[in-house]
Amino acid sequence: MANQGQNLDAEEVGLTAKKIKIDAFPELILAGKISDATTVTAFLLARAKGLIG
């Protein structure tokens, strides 16, 4: 797997990113499809601050 110019930390290697609708996010968390603490916490903080619906 080529690095392609990214400077990834060891725990970031193999992660993927894709666009999803924000309305689908809570159900993906509850289904265990999104489970990393940083992503879940960022989503919950943004929602608590009213930045997202």
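For the single chain, residues carry numbers from 1 onward in sequence order.
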Option passing side-chain contact (heavy atoms from CB on, under 4.5 Å) with Phe43 (candidates Ile22, Leu28, Ile34):
Ile22
Only one of Leu44, Thr39, Leu30 forms a side-chain contact (heavy atoms from CB on, under 4.5 Å) with Phe25, so which one is it?
Thr39
Results of side-chain hydrogen bond (donor to acceptor under 3.5 Å, both in side chains) for Asp9 - residues two or more places apart only
none
Name all pairs fulfilling the side-chain hydrogen bond (donor to acceptor under 3.5 Å, both in side chains) condition that reach into residues 40-53, sequence neighbours left out, sorted by first residue then second.
none
